[in-house]
Peer 1: 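Sending over a structure as structure tokens; questions will come in a sec.
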2 protein chains.
Amino acid sequence: MAVARHETIAHAGPNTLFVGSVEKGFAVLHAFRTGQRELGLRDLSLSQISELSGLDKSASQRFTNTLVQLGYLEKDERTRRYRPALGLIDFYYTYLVSSRLAEIAMPRLIEASKTHGTTVNLCEPDGTDIIYTIRVPHQKAFFRATIPGRRMPAFCTAPGLVILANRNKQEVETIIENSKLVQMTEWTVIEPKAIRKRIEQARRDGYIISSQQSMAHEISTAAPVVDSDGRAFAAVQIPVYMPEWTTDMIEEKIVPLVIETARAISGSYFSES
Amino acid sequence: MAVARHETIAHAGPNTLFVGSVEKGFAVLHAFRTGQRELGLRDLSLSQISELSGLDKSASQRFTNTLVQLGYLEKDERTRRYRPALGLIDFYYTYLVSSRLAEIAMPRLIEASKTHGTTVNLCEPDGTDIIYTIRVPHQKAFFRATIPGRRMPAFCTAPGLVILANRNKQEVETIIENSKLVQMTEWTVIEPKAIRKRIEQARRDGYIISSQQSMAHEISTAAPVVDSDGRAFAAVQIPVYMPEWTTDMIEEKIVPLVIETARAISGSYFSES
DNA sequence: CAACATGTGTTAAATAATAATACAACTGAA
DNA sequence: TTCAGTTGTATTATTATTTAACACATGTTG
């Protein structure tokens with residue numbers, strides 16, 4: 001049982017320096033993300049939380065109560081349901097404010113978004129995913145697609161692929177192997193060979209244009225942000241939409257903008273410190 | 001001692017339904033926010049974490065380790081310092097994706113930002129603060145001032161004051177009483193009488209223009225987002241900067257835009273459900 | 001209205017978190 | 001380079017804190 005407690009949730013943090021209660025608290029918070037994705041629910045009942053987090057009823061009760069007291073969840077006393085509360089926003093601020101990358105990138109992303117009136121995003125890799133770190137929105141889009149913190153698979157997104165293009169082959173293989181290669185749209189490329197080819201192409205070009213790979217009508221262009229060794233640790237991405245934009249227009253206007261913005265960020269990043 | 005454990009950090013969660021370890025985990029994360037604000041540090045050593053969080057060395061060690069394993073902190077093995085990690089971004093997503101307000105507001109804020117090429121923000125009240133929930137940035141500004149999750153005192157910000165203008169008097173008094181009335185700039189109004197007057201004015205007008213109250217050269221305009229009882233629970237805010245914008249221009253262009261955007265959000269909010 | 005599901009509160013039991021300690025690794029001054 | 005001081009790491013016995021089971025209350029649905 002002493003071990004089972006950790007196994008249940010995720011890791012084996014087998015040593016005495018791992019506090020399981022912290023993990024369980026976060027498990028409750030994550031239940032809301034999966035609850036939204038899988039069940040489409042904004043708020044969850046105690047038993048749903050229990051289900052989604054893998055904690056038993058008693059534990060769910062204690063952690064939920066704790067999170068309410070701390071201001072990370074709020075409870076609707078009428079429906080007895082819980083939902084994420086404003087306190088959670090603090091962590092995004094905490095992350096960004098201590099990120100040198102974000103500080104350098106922000107003004108350049110804003111500038112870039114004004115050039116052609118497009119959305120401009122900064123993405124960072126996390127395992128087999130990329131995460132949208134900063135978004136400067138300009139077009140309306142499907143709500144979830146406009147929120148910072150959104151995760152997408154690296155293998156089928158422009159930012160994911162340009163980042164892989166500037167990583168060594170072993171890393172690329174590891175990511176491809178561990179990715180769930182699922183179709184996001186009917187055009188999504190999921191054959192490892194074809195994916196490697198696209199990465200190869202992106203490495204030669206220094207950018208990538210990715211059409212309808214993760215969302216219909218969306219064409220996504222991205223270029224890598226690299227450190228002094230040429231290793232990518234982020235990407236600048238600009239999405240545009242299909243009837244209005246053609247590949248020719250993108251090649252002419254978006255590609256140079258994306259490349260230049262990414263290069264400027266890379267440059268400042270390792271010159272300033 | 002049994003009690004002291006809770007007292008140390010913050011609350012009295014005196015019952016058995018409160019899990020102290022969760023609070024301590026968050027205390028470590030918050031140390032980074034205060035560390036950034038008070039010491040200007042991006043990363044913290046173990047002893048700094050201990051200092052800032054109020055946890056002893058052993059506890060800091062355990063919680064820090066736990067948070068690293070969970071992906072919320074990362075450790076630079078060379079300098080032995082810790083910093084916030086990418087995992088923290090998940091919570092912003094979790095909050096926004098389950099917020100009906102955010103979903104309704106997002107497209108309207110984007111639209112509004114294009115009208116005159118200005119930044120447009122959505123703010124929500126939290127105790128004596130307001131928090132910038134969604135930002136659609138258009139102008140470059142002091143980095144920290146551009147990040148979602150930023151907190152500002154309600155009493156000296158346009159969004160704070162318009163929200164108070166649409167709350168009952170008791171709530172207003174409570175907030176004023178509990179606020180630390182400090183000068184943010186040399187023009188900040190900090191006398192309770194004068195603050196009440198500004199709130200009164202904002203109630204009559206349905207909006208507020210606030211000049212250099214929290215930042216030099218910044219003029220901030222805001223209008224309330226209200227529920228079906230007329231109670232404000234958010235605000236739309238547009239900041240503009242001083243040489244370029246004059247009060248007349250703001251009255252003419254920004255005020256109607258802010259009011260209309262806030263009204264549209266309010267309308268959708270309680271019509272859709 | 002009954003049967004069921006879900007939420008709430010309390011408890012004894014013992015696991016998992018604690019804080020003290022000792023050791024190791026840096027840091028910088030002499 | 002050495003040494004003192006500081007900071008980080010690892011281990012442990014102790015027990016306070018979390019646990020899970022239970023019983024009760026409340027709401028929900030056929």
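Order of the sequence lines fixes the chain letters, A, B, ..., with proteins taken first and strands second; residue numbering starts at 1 for each chain. Predicted model only: the values in this text are computed from it and were never measured.
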Peer 1: Taking only the side-chain nitrogens and oxygens of A/Ser47, find out if one of them lies under 4.0 Å from OP1 or OP2 of C/dA5.
Peer 2: no
Peer 1: Roughly, in whole Å, what's the span from CG in A/Asn65 to C1' in D/dT19?
Peer 2: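 Spelled out: CG on A/Asn65 to C1' on D/dT19 is 15 Å.
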Peer 1: A/Arg62 or B/Gln61: which one's nearest nucleotide on DNA chain D is closer to the 5' end?
Peer 2: B/Gln61
Peer 1: Heavy atoms only, 4.0 Å cut-off, all strands: where does B/Ser58 land among base, sugar-phosphate and nothing?
Peer 2: base
Peer 1: Are B/Arg33 and A/Asp90 within salt-bridge range, i.e. N to O under 4.0 Å?
Peer 2: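 Answer for the salt bridge query: yes.
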Peer 1: Do any N or O atoms from the side chain of B/Ser228 and from the backbone of B/Phe270 form a donor-acceptor pair under 3.5 angstrom?
Peer 2: no
Peer 1: Measure the distance from NZ on A/Lys24 to P on D/dA20 and round it to the nearest whole Å.
Peer 2: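 In whole Å, D/dA20 P and A/Lys24 NZ are 6 Å from each other.
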Peer 1: Report the distance from atom CD of B/Glu77 to atom P of C/dA24, rounded to the nearest whole Å.
Peer 2: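 So the CD-P distance, B/Glu77 to C/dA24, works out to 19 Å.
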Peer 1: Distance check needed: D/dT28 C1' versus A/Leu46 CG, whole Å only.
Peer 2: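 Rounded to whole Å, this separation is 16 Å.
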Peer 1: Check B/Arg81 with B/Asp43, please: is the shortest side-chain N to carboxylate O separation under 4.0 Å?
Peer 2: no
Peer 1: Between D/dT7 atom C1' and B/Tyr82 atom OH, what is the distance in whole Å?
Peer 2: 11 Å
Peer 1: Would one find a side-chain N or O of A/Lys57 under 4.0 angstrom from OP1 or OP2 of D/dC22?
Peer 2: no
Peer 1: Rounding to an integer number of Å, can you tell me how far A/Glu51 CD sits from C/dA5 P?
Peer 2: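 Atom-to-atom, A/Glu51 to C/dA5, this comes out as 13 Å.
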Peer 1: Is any side-chain N or O of B/Ser21 closer than 4.0 Å to OP1 or OP2 of D/dT18?
Peer 2: yes
Peer 1: Does a salt bridge link B/Glu171 with B/Arg231, judged by any charged N lying under 4.0 Å from a carboxylate O?
Peer 2: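 Salt bridge flag = yes for B/Arg231 with B/Glu171.
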Peer 1: Could you state the atom-to-atom distance from CG of B/Leu55 to P of C/dA20 in whole Å?
Peer 2: 14 Å
Peer 1: Hey, which of these two, A/Asp56 or B/Gln48, hits DNA chain D nearer its 5' end, going by closest nucleotide?
Peer 2: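 By nearest-heavy-atom nucleotide position, the 5'-most residue is B/Gln48.
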Peer 1: With no hydrogens and no angle check, do the side chains of B/Ser98 and A/Gln36 hold a donor and an acceptor under 3.5 Å apart?
Peer 2: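 No pair is found: no donor N or O on one side chain lies under 3.5 Å from an acceptor on the other.
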Peer 1: For the pair made of CZ in B/Arg80 and P in D/dT6, what is the distance, rounded to whole Å?
Peer 2: 17 Å
